[in-house]
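Here's the structure we're looking at; comments come further down.
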There are 2 protein chains.
Amino acid sequence: MREPFHPSADSLDLVAILAALSDPTRLTILIRLAEADAAIRCGDFTDLATKSNLSYHFAKMREAGLVSLRSEGTSRFLALRRNDIERQFPGLLDQLIASAKRMEDKPLNSQSAAPTDAAESKPQRKRV
Amino acid sequence: MREPFHPSADSLDLVAILAALSDPTRLTILIRLAEADAAIRCGDFTDLATKSNLSYHFAKMREAGLVSLRSEGTSRFLALRRNDIERQFPGLLDQLIASAKRMEDKPLNSQSAAPTDAAESKPQRKRV
DNA sequence: TCCATTGTTCAATGGTTGTTGAACATATGA
DNA sequence: TCATATGTTCAACAACCATTGAACAATGGA
C-alpha cells in the first residue's frame, strides 16, 4: 500500500495540532496510543467509528503530524510521533494527554447547579 | 450592556477549549492576554480583524470558558480565566501559551528542504 | 487461483466555521 | 438632547468538517 505523506518534524503547526485534537474521537485515539506506548493496529479502533470514518480521522492526525502510519501485511499501524512533537513543542503532548485523561474520567455529565437560564449546549454531533 | 453567559469552572470541556484555540487569531489573543497578565480592552485587538469578526472570536473563547468579558463604560474588557482553567486542567494553559509563543517566533515560514513532491498545504483561509 | 481481511477513496449530505458589511444597542460627553 | 465611541447582532456566503455506504485496492492465505 502506498505510504502516505507525513509532515516533517519542523513543519509542525500548532493550529493544526490543536484542530486535530478538538474532536472526541481523535482525543480517544490519542489516549489509547499514549497508554499503549506503542503502535496500535488501525483495526483496533473499530469500536469508535466506521472504517471509513476512522480512515478520515487517522488522516487528520497524520496531516497534523501527530501520528505516523505504516503498513504491515494487510494491516496498518498507528504510532504517536512523540519525539517530533516534543522537539517542536516541549511538554505540550504530555500535558494534552494528561488533560484528555482527566476529561474522560469525568465525561462532562456532572451538570453542576441547575442551569435554568437557557445555558448554551454544544450539539455533540453524531448521526447524519 | 447585557452581561453574557459564562460557563462554570467545572463544566469546562477540553474539546471546546482546543477548538477555541485552533485558530490563529484566537491564539494571538491568548498570547496577548497572557503577556499582559491583566484584562485588555476589546478595542485593543482591532489590528487583528474587523470589529464584528472580533466579537465572534471573543464569543468563541468565552463559550469555551477561556476568557471572561465584562463591560466598563462603553468599553469591554477581556480577561483570561486562569484559575478556573488551572483547576480543571492543571498545567494545560501554561503549556498552550508557551507553545503558542514558540510558534509565533518561528511562524511556519521556514519551508525546510525542497518539498518538490506535491506536499499538501493548508489553505490558511482569510478572504471571503 | 480464488477468497477473505484490512483499509482507502469517493460522492453525497447536512451541519459548522470564519468572514464581511450593515444595522442596531448602549454609554459617555458636549 | 444629540452626537460620538465602542461593541453586538444579523443575514449571507463560501469553505470546511464529520459521517455514511458503496466501490475499490492490496496483501496473505487456502
Side-chain angles (χ1 to χ4, degrees), chain A residues 1-6 13 15-29 39-64 67-79 120-128, chain B residues 1-6 13 15-29 39-64 67-79 120-128:
Chain A
M1 184 166 292
R2 166 112 174 71
E3 285 304 327
F5 171 78
H6 289 80
D13 175 23
V15 170
I17 289 178
L18 297 183
L21 292 180
S22 62
D23 175 281
T25 303
R26 297 195 290 257
L27 265 188
T28 304
I29 293 172
I40 299 184
R41 204 176 53 94
C42 289
D44 292 353
F45 293 100
T46 43
D47 56 311
L48 298 180
T50 63
K51 278 193 308 172
S52 53
N53 192 202
L54 280 178
S55 244
Y56 169 77
H57 287 306
F58 295 154
K60 275 271 158 189
M61 297 180 80
R62 172 180 55 76
E63 286 161 20
V67 302
S68 61
L69 267 165
R70 60 162 224 277
S71 301
E72 197 172 313
T74 77
S75 291
R76 248 166 168 211
F77 285 83
L78 203 61
E120 52 247 55
S121 66
K122 295 285 113 185
Q124 200 71 341
R125 142 166 58 177
K126 196 61 183 180
R127 285 235 115 251
V128 68
Chain B
M1 185 166 290
R2 168 109 174 72
E3 283 306 327
F5 170 79
H6 289 79
D13 174 23
V15 171
I17 289 178
L18 297 183
L21 292 181
S22 63
D23 176 281
T25 304
R26 297 193 292 258
L27 265 188
T28 303
I29 293 172
I40 299 184
R41 204 174 55 94
C42 289
D44 292 353
F45 293 99
T46 44
D47 56 313
L48 297 180
T50 62
K51 279 194 309 172
S52 54
N53 192 205
L54 281 177
S55 244
Y56 168 77
H57 287 305
F58 295 155
K60 273 272 161 187
M61 298 180 81
R62 172 181 55 76
E63 286 161 22
V67 302
S68 60
L69 267 165
R70 59 161 223 279
S71 300
E72 197 173 312
T74 77
S75 291
R76 245 161 171 216
F77 284 83
L78 203 61
E120 54 248 53
S121 66
K122 294 286 117 185
Q124 200 70 341
R125 143 165 61 178
K126 197 61 183 182
R127 285 234 115 254
V128 68

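In the text below, chain A, chain B and the rest are named by the order of the sequence lines, each starting its count at 1. Side chains are part of it too, since the values below use all heavy atoms of this structure and drop only hydrogens, waters and symmetry mates.
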Round to the nearest Å and state the distance from [X] atom [atom1] to [N] atom [atom2].
X	N	atom1	atom2	value
B:K51	C:dA25	NZ	C1'	11 Å
B:E3	D:dG7	CD	P	13 Å
B:L18	C:dT17	CG	P	14 Å
B:D23	D:dC17	CG	P	12 Å
A:Y56	C:dC10	OH	C1'	14 Å

Counting only side-chain heavy atoms from C-beta out, which of [options] sits nearest to [X]?
X	options	answer
A:R76	C:dT8, C:dT19, D:dT19	C:dT8
B:S55	D:dG7, C:dG18, D:dT19	D:dG7
B:S52	C:dA22, C:dT17, D:dT19	C:dA22
B:C42	C:dG18, D:dG7, C:dG21	D:dG7

* Flag the pair A:H6 / A:L69 as yes when at least one side-chain heavy-atom distance between them is below 4.5 Å, and no otherwise. => yes
* To do: Starting at CG of A:L18, measure out to CG of A:D13 and round the result to the nearest 0.5 Å.
  => 8.5 Å
* Asked: When all nucleic acid strands are considered with a 4.0 Å heavy-atom cut-off, which category describes B:S75: base, sugar-phosphate, or nothing?
  -> sugar-phosphate
